[in-house]
Amino acid sequence: MNYRRLLAVARTESIHNLRDVRSLFVIVVLPVVLLLLYGYGINYDLRNVPFAVQDLERTELSRSLIQHLVSSGYFQLRQVIHDQRQIAESLDRAAVVFVLVIPPDMGRRLGAGRPAKVQVLVDGADTTRASVAVGYIEGALLAFSGKLGAEYLARQGLSAAGGLDVRPVVLYNADLKSVRFIVPGLMAILLTLLSGLLTSTCIVREREWGSFETLVTSPALPPEILIGKILPYVVIAFADTLLSIGAGALIFGVVPVGSRLLLLFTSFLYLLASLAIGIFFSTIMRTQRLAILTTTLVTLVPTIQLSGFAFPIRSQPLVLQVISNFIPATHYLIIIRSLYLKGADLLVLWPRVLALLVFTVVLVTVAARRFRKQL
Amino acid sequence: MDLAVEVENLTKRFGDFVAVNEVSFSVAEGEVFGFLGPNGSGKSTTIRILCGLLSPSSGHARVAGLDVWRDAERIRQRIGYMPQFFSLYDDLTVAENIEFYAGLYQVPPALALARQSELAEVLELGPVLDRLARTLSTGWRQRLALATSILHRPPLLFLDEPTSGVDPLTRRLFWEVIGDLAHEGITVFVTTHVMDEAEHCTRLAMMHYGRLIAEGTPEEMRTEHVQTMVEVQAHPIWPVLQALEKAPEVVEVALFGDAVHAELRCDLNDAEARVERKLQTAGVAYERVVAVTPSMEDVFVSLARRWERPTAAGADR
Ligand SMILES: Nc1ncnc2c1ncn2[C@@H]1O[C@H](COP(=O)(O)OP(=O)(O)O)[C@@H](O)[C@H]1O
Ligand SMILES: [Mg+2]
């Protein structure tokens, strides 16, 4: 291995990227787009969710419930409904995200120590928004009934021993922040997209340009060429990883609960694996278009489809669940979600980290073996 | 004298198509070896095999005593290669391309800079050093390609049609540079489809449809392969061509510019008289008949025709 030759290749590859509009787009614009997606995620995070209320009880208690929701800052009362028919109409117009129906006997039932049924009608068309909204309302209502219960018990001069049982409804996302879930998912998508798009063209492009011919006749050895070509992308992809971790923390306050070192290490492994897949297709495909297309099909589509970013893995057919185990993104996503949400450590995550490590080693080896200095 | 290149029964097939067919030749150190042949005759394929870019289908090829396929990596530092088609980076400047090469061939940076200015001087690249290769015309791109191929001072240089598509001045400059390189002791293996460039070479090989059809010095090529050549000038020219084609003593006739070149079987002394008599008998008008030294193009046409018609060629010999 000769570093002079390796660096010559790396330097030239960097210049290609700096002078190529498409590469610059992927390197610079893509992360920005990602930040906008974060912003979109923040909207899901729901501030001032518009809602309507049909208060059938009209007591001090029901008014304090409404007040509780509004003062939380998450909800905004848009409409007070008097007629049953207004409910559907209001939801259809998308004027409100949900309608809260307070039953006429809420206070009576609570006073008697029995559960009260508060109805929440949600517009289910926008599933993401709806599910987040439901989570919020549940949380808010639980908090309210908790407070209420404590007050009631206090008034009765009793201890809290036999008090209300408030169970958390939203697991691992206790403060109901959906960004916590979205940030790691987008990180995986970003790494996959970036690594694949950039490297999938870097060899096949040389064939199209004809410059592969001079590269092959040069004394540079295959590993020197391969590493020299990947090196700029490792730096770029890692910088973008740090950028998205930083943006998640600084702008949206989402920081990993678990080990940061493990987060960086696994992200690095994953980007190597993705780069290797891109390079692999770059060595076997004959046109840039084909290389980009194949790489995207093989990496990005499954990353979105199977890895549980859009759909939870457990809700998928068994075959797909099995297949998803053979996609590096699945393991990476599970690792970083665990690190961001649960604060899991290597003791729990080691099978996933191991799987990722194996993938990376295998993919890099395959790519290196497939790479030949031949026309 | 040591051999820089040895080729024995070299064959290259692409599927059923035979691009290089049982070719054997050798190049001694210090030669300017001209590899001639029309487009598609297998020159580039041969050169690519010699540079370790393609594997031979059968036969052997050695460069500096090393097998070109098995020992490919050991040969690379010792050869320079200028491909037929520009294969540097369009999005790099001339200087950046040169720097890239210096890196690939491990020319120390200080030495690389010295050579860059030396080459910029010789090939007049100075004013374009900071221009992107994309913005250069063919002649300048070829100059850059030549500069990068000799940057590391290889003892053996392969040039694949270096002068194709360049203007006459650049063409002359290239042959001057090639002459200078040879003077320094560098072996040059150069292909061209412009037959008259062969005069600049010390030895030649001619390719036709993948076969080597002749080999020798330019002088040998002219004297051994073509016996007697006369040039006929006439207006119109076609009747002359037709009349001579039928004549038994004529081996080959071909258009050469606006005249006809005819190769004859007889002695040089009475060739002109014979042709004149022939034309008079046939009643064809002509202006002048003169004996000429055959050009390399004549040689090629003559050889090529013989190979195209194997039976006629057999009868001729
Ligand atoms: N990779 C290839 N696959 C198939 N045919 C090829 C390939 N390379 C060259 N050929 C064919 O081989 C013949 C010789 O090509 P080449 O060596 O480039 O000729 P030259 O350099 O003398 O013009 C041509 O007919 C060309 O089409
Ligand atoms: Mg050619």
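Chain letters run A, B, ... following the sequence lines, proteins first, then strands; residues in each count from 1. Excluded from the calculations below are hydrogen atoms, water molecules and symmetry mates; all remaining heavy atoms, backbone and side chain alike, are included.
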side-chain contact (heavy atoms from CB on, under 4.5 Å) between A/Trp209 and B/Asp90, intermediate numbers included: CA-CA 8 Å; A/Trp209 287 344; B/Asp90 272 341; over 6 Å; no
Chain B contacts, top residue of A/Ala8, A/Gly210, A/Ser211, A/Gly228 (heavy-atom pairs, under 4.5 Å): A/Ser211
A/Ser218-B/Tyr81 side chain donor-acceptor pair, cut-off 3.5 Å: no
Side chain / backbone / both / neither for A/Arg4 at chain B, heavy atoms under 4.5 Å: both
Proximal component of B/Gln106, with respect to chain A [non-hydrogen, under 4.5 Å]: both
Pairwise side-chain contact, A/Met187 with A/Thr241, heavy-atom cut-off 4.5 Å (strictly under): yes
Side chain, backbone, both or neither of B/Pro154 within contact of chain A (heavy atoms, under 4.5 Å): neither
Any donor-acceptor N or O pair under 3.5 Å, side chains A/Arg22, A/Thr201: yes
B/Leu50, B/Val5, B/Val188, B/Leu3 screened by side chain to side chain contact (heavy atoms under 4.5 Å, CB included) with B/Val27, the one that passes: B/Val5
Parallel, tilted or perpendicular: rings of A/Phe268 and A/Phe238 (30°, 60°): perpendicular
Proximity breakdown for B/Phe100 and chain A, heavy-atom pairs closer than 4.5 Å: both
Region of B/Ile75 that comes under 4.5 Å of a non-hydrogen atom in chain A: neither
Region of B/Tyr101 that comes under 4.5 Å of a non-hydrogen atom in chain A: side chain
